[in-house]
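Here's the structure, in structure tokens; my notes come after.
Both counts, for ligands and for their atoms, begin at 1 and track the order of listing. Please read these numbers as outputs of a predicted model, since none were measured by experiment.
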Amino acid sequence: MNYPARVKIIDVGPRDGLQNEKQPVAAAVKVELVQRLQDAGLKEIEVTSYVSPKWVPQMADAASVMAGIDRRGDVRYSVLTPNMQGFEAALAGRPDEIVVFGAASEAFNQKNINCSIAESMERFAPVVRAALDAGIAVRGAMSCTVGCPYEGEIAPEKVGYLAGLMKGIGVQRVDVADTIGVGTPIKVQKALEATLAHFGIDQVSGHFHDTYGQALSNTLAALELGVWNFQSSVAGLGGCPYAKGATGNVATEDVVYLLHGMGIETGIDLDKLIDAGQFISQHLGRPTQSRVAKALLIKRAG
Ligand SMILES: CC(C)(COP(=O)([O-])OP(=O)([O-])OC[C@H]1O[C@@H](n2cnc3c(N)ncnc32)[C@H](O)[C@@H]1OP(=O)([O-])[O-])[C@@H](O)C(=O)NCCC(=O)NCCSC(=O)C[C@@](C)(O)CC(=O)[O-]
């Protein structure tokens with residue numbers, strides 16, 4: 001099997017990981033988390049989202065977080081913008097990339113962003129145009145590409161349909177998300193293949209939640225197809241506010257351990273990443289969800 005020699009990881013912990021926290025996390029803590037992630041070698045970080053504070057109160061400090069980070073030229077900072085209102089608010093923070101986000105499931109799309117898939121494309125299209133005109137890159141996140149909390153199993157055709165719509169409005173690359181972590185390798189490969197009918201291999205990333213403990217297997221399945229971009233959350237933070245019971249993203253530490261063990265380069269320092277995970281886990285007052293971090297912390301303690 002020929003696996004990619006190098007993988008790029010987008011850590012989505014500051015956004016996807018923290019958005020569901022009930023207690024407010026101070027902007028300064030989020031800023032320090034971003035700092036620690038870039039110190040660990042992450043070159044792409046999903047920082048925050050410009051969404052309604054009534055829907056996702058934890059992201060209400062998006063502007064302060066973006067203003068507070070110590071930016072590096074070699075790091076790409078992305079933010080979620082579901083509509084023109086979010087995009088216009090995001091501009092002051094100078095994101096390198098904006099993310100529009102839809103779902104392969106009609107019901108989830110409605111719950112998450114309060115409109116149908118077709119309506120979401122009408123909202124996204126001007127956002128995508130404005131971003132590209134401003135020299136900002138555009139990613140499309142596709143939720144529920146394997147299963148949906150409301151509709152159950154999702155057919156790959158629905159994923160292909162959404163990917164085609166994203167491509168049609170000018171989105172440059174897309175995330176294939178298993179939002180509720182129900183996917184298994186063959187199903188995930190089918191969702192990825194349906195997406196690859198519209199986007200090149202360099203433009204497709206895997207975004208796997210670990211609710212059923214399948215995320216690393218699904219990562220391997222994606223690597224087998226040649227996918228080399230992945231999203232994960234430091235310390236396995238997260239859960240989606242509109243997917244009850246869904247746990248966090250696969251932990252970045254676990255993905256890095258898998259990749260390094262396979263001889264795949266990431267540019268990430270696992271020890272520093274574990275420290276970043278400890279920083280945020282201690283702040284949240286609960287242990288890391290990363291199995292690798294737990295094991296290596298015990299080893300460190302001697
Ligand atoms: C999309 C909307 C805004 C539509 O919400 P809406 O109610 O349909 O919007 P609206 O245009 O009718 O406006 C209603 C109110 O929202 C305000 N509003 C409108 N837009 C914005 C904005 N951008 N920023 C701030 N405020 C906004 C607007 O100003 C107004 O305020 P009011 O007059 O009532 O005070 C809403 O449904 C929303 O914010 N949803 C939250 C979606 C979200 O953040 N979900 C979690 C992220 S997606 C995810 O986690 C999945 C992913 C990406 O990780 C991949 C995976 O694993 O699946």
Output the list of atoms in ligand 1 that are nearer than 4.0 Å to some heavy atom of [X], sorted by atom number.
{"X": "Gly86", "answer": "23 (N)"}
{"X": "Pro82", "answer": "1 (C)"}
{"X": "Ala177", "answer": "55 (C), 56 (C), 57 (O), 58 (O)"}
{"X": "Ala141", "answer": "53 (C)"}
{"X": "Asn112", "answer": "37 (O), 40 (N), 41 (C), 42 (C), 43 (C), 45 (N), 46 (C), 48 (S)"}
{"X": "Val56", "answer": "41 (C), 43 (C), 44 (O)"}
{"X": "Asn83", "answer": "3 (C), 19 (C), 20 (N), 21 (C), 22 (C), 23 (N)"}

* Asked: Only one of Ile45, Val65, Thr48 clears side chain to side chain contact (heavy atoms under 4.5 Å, CB included) with Pro14; which?
  ->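 Option passing the side chain to side chain contact (heavy atoms under 4.5 Å, CB included) with Pro14: Ile45.
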
* Hey, which of Lys167, His198, Arg173 is the one that makes side chain to side chain contact (heavy atoms under 4.5 Å, CB included) with Gln203? ->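 Among Lys167, His198, Arg173, the one meeting side chain to side chain contact (heavy atoms under 4.5 Å, CB included) with Gln203 is Arg173.
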
Is it true that [X] and [Y] have a side-chain N and a carboxylate O under 4.0 angstrom from each other?
{"X": "Arg139", "Y": "Glu46", "answer": "yes"}
{"X": "Arg36", "Y": "Asp11", "answer": "no"}
{"X": "Lys111", "Y": "Glu151", "answer": "no"}
{"X": "Asp254", "Y": "Lys294", "answer": "no"}

Of the listed options ([options]), which comes nearest to [atom] when hydrogens are ignored and any heavy atom counts?
{"atom": "atom 31 (O) of ligand 1", "options": "Gln58, Lys54, Glu88", "answer": "Lys54"}
{"atom": "atom 28 (C) of ligand 1", "options": "His207, Gln85, Gln110", "answer": "Gln85"}
{"atom": "atom 24 (N) of ligand 1", "options": "Val100, Val51, Val12, Asn249", "answer": "Val51"}

Side chain, backbone, both or neither: the part of [X] lying under 4.0 Å from ligand 1 by heavy atom:
{"X": "Ser52", "result": "both"}
{"X": "Asp16", "result": "side chain"}
{"X": "Arg15", "result": "side chain"}
{"X": "Lys111", "result": "neither"}
{"X": "Met59", "result": "neither"}
{"X": "Ser143", "result": "both"}

* Consider only side-chain heavy atoms of I, L, V, M, F, W and Y, link residues closer than 4.5 Å, and tell whether Val250 and Leu296 are in one cluster. =>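 Val250 clusters together with Leu296.
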
* Are Phe208 and Ile10 in one and the same hydrophobic cluster, where Ile, Leu, Val, Met, Phe, Trp and Tyr link if side-chain heavy atoms are under 4.5 Å apart? ->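 No: no chain of side-chain contacts under 4.5 Å links Phe208 to Ile10.
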
* Sequence-distant partners of Tyr77, side-chain hydrogen bond (donor to acceptor under 3.5 Å, both in side chains), two or more places apart ->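 Tyr77: side-chain hydrogen bond (donor to acceptor under 3.5 Å, both in side chains) contacts with Gln38.
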
* Asked: Is there a side-chain contact between Met66 and Tyr50, using heavy atoms and a 4.5 Å cut-off?
  ->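 When only atoms from C-beta onward are counted, Tyr50 and Met66 do touch, with a gap below 4.5 Å.
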
* Asked: Does His209 come within less than 4.0 Å of ligand 1, judged by its heavy atoms?
  ->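 Right, His209 reaches ligand 1.
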
* **Heavy atom of Gln231, distance to ligand 1 below 4.0 Å** =>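 So Gln231 does not count as touching ligand 1.
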
* To do: Step through the shown structure and confirm whether more than 12 heavy atoms of other residues, nucleotides or ligands are within 6.0 Å of CZ on Arg291.
  =>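 Atom CZ in Arg291 is not crowded, with 12 or fewer foreign heavy atoms closer than 6.0 Å.
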
* Using distance alone, with no hydrogens and no angle criterion, decide if Asn249 and Ser232 have a side-chain donor and acceptor under 3.5 Å apart. =>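 Note: Asn249 and Ser232 side chains miss the donor-acceptor criterion.
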
* To do: Kindly confirm or rule out an N or O of Thr179 lying under 3.5 angstrom from an N or O of ligand 1.
  =>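 N/O-N/O distance under 3.5 Å: yes.
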
